[in-house]
Amino acid sequence: MAGEKYTNIRLNRDFYSRDVLTVAPDLLGKNLVISQAGIAESFKIIEVEAYRGEDDQASHARFGKTARNSIMYGEGGFLYIYLIYGMYWMLNIVTGPAGDPQAILVRGLKNLPGPGVLTRALGIDKSYHGEDLVNSERIWIEDRGDKPLVIQKPRVGISYAGEPWVSNAWRFISA
DNA sequence: AGCAAGATCGGT
DNA sequence: CCGATCTTGCTG
């Protein structure tokens, strides 16, 4: 058969267990699938940011393990959801091995630019905190074979973090 | 117990 | 540029 190779698979634990700086750019072009009320919709990931370890002074893990960020200390593939500015839910994906707090903030989906915009549009709230992308019935990520070019820039809204954290190009955008 | 600041957004 | 809106984690 002369068809092109078409992958359509849910990302597994191994994908998320790698270092956050490897997983973040690899998430671009992947499809976030959310199933609600019996209807599954998918959205291409176009922008993300990496938060890496307790040393990262921009990360919620910079104060060590707390009630809010404890999910970051577990294994990769789980969702870390938190409320910012009292009104916007942030969608984060835990990465790396257990014990190493890492997470990726999903900043943009195709046609839904903005971390607060996309969660509002998809109805993602605190109830998604701790959801496992590897086994969840209502949210996961698929690889459909897209390999976009990746642009790197400094992260947004973290001016409180000193150097080198404010300047690290840990924001990844699809070209 | 109190408080300042926040991984944002939309309207002036 | 500023206000909305409320949780978090630090300080005392």
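Each chain gets a letter, A, B and so on, in the order its sequence line appears, and its residues count up from 1.
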Exercise for the section: Keeping the roles fixed (side chain from A:K30, backbone from A:D26), state whether a donor-acceptor pair exists under 3.5 Å. Expected result: yes
Handout entry: N/O donor-acceptor pair under 3.5 Å between A:D143 side chain and A:G145 backbone
Key = yes
Are any of [X]'s side-chain N or O atoms less than 4.0 Å away from OP1 or OP2 of [N]?
X      : N     : result
A:H60  : C:dT8 : no
A:R107 : B:dA7 : no
A:R52  : B:dA7 : no
A:Y82  : C:dC6 : no

At 4.0 Å (heavy atoms only), tell me whether [X] reaches a base, stays on the sugar-phosphate, or touches nothing.
X      : answer
A:M87  : base
A:R68  : sugar-phosphate
A:I158 : sugar-phosphate

Protein-nucleotide distance ([X], atom [atom1]; [N], atom [atom2]), rounded to Å:
X      : N     : atom1 : atom2 : answer
A:K126 : C:dT8 : NZ    : C1'   : 11 Å
A:R155 : B:dT8 : CZ    : C1'   : 17 Å
A:Y88  : C:dT5 : OH    : P     : 10 Å
A:Q57  : B:dA5 : CD    : P     : 17 Å
A:E49  : B:dG6 : CD    : C1'   : 14 Å
A:F172 : B:dA7 : CZ    : P     : 19 Å
A:I81  : B:dG6 : CD1   : P     : 21 Å
A:Q102 : B:dA7 : CD    : C1'   : 16 Å

Exercise for the section: Mark this stacking check for A:F63 against C:dG9 as yes or no, applying ring centres under 5.5 Å and ring planes under 30°. Expected result: no
Exercise for the section: For the residue pair A:R52 and A:T95, confirm or rule out a side-chain donor-acceptor distance under 3.5 Å. Expected result: no
Handout entry: Residue pair A:E142 / A:W140, side-chain donor-acceptor N/O under 3.5 Å
Key = yes
Handout entry: Ring-face cation of A:R68 near A:Y82 (centre distance under 6.0 Å, axis angle within 45°)
Key = yes
Exercise for the section: Find out whether the Lys NZ or Arg CZ of A:R13 is both under 6.0 angstrom from the six-membered ring centre of A:F15 and within 45° of the ring's axis. Expected result: no
Practice task
Could you give the distance separating B:dG2 and C:dT5 at their P atoms, to the nearest angstrom?
Solution key: 23 Å
Looking at [options], which one has an atom nearest to any side-chain atom of [X]?
X      : options              : value
A:R120 : B:dG10, B:dA7, C:dC6 : B:dG10
A:Y160 : B:dC9, B:dT8, B:dG6  : B:dG6
A:Y85  : C:dT7, C:dT8, C:dT5  : C:dT5

Fill in the blank from the handout: Pairing partner of C:dG3, by Watson-Crick or G-U wobble and under 3.5 Å for both distances, is B:dC9
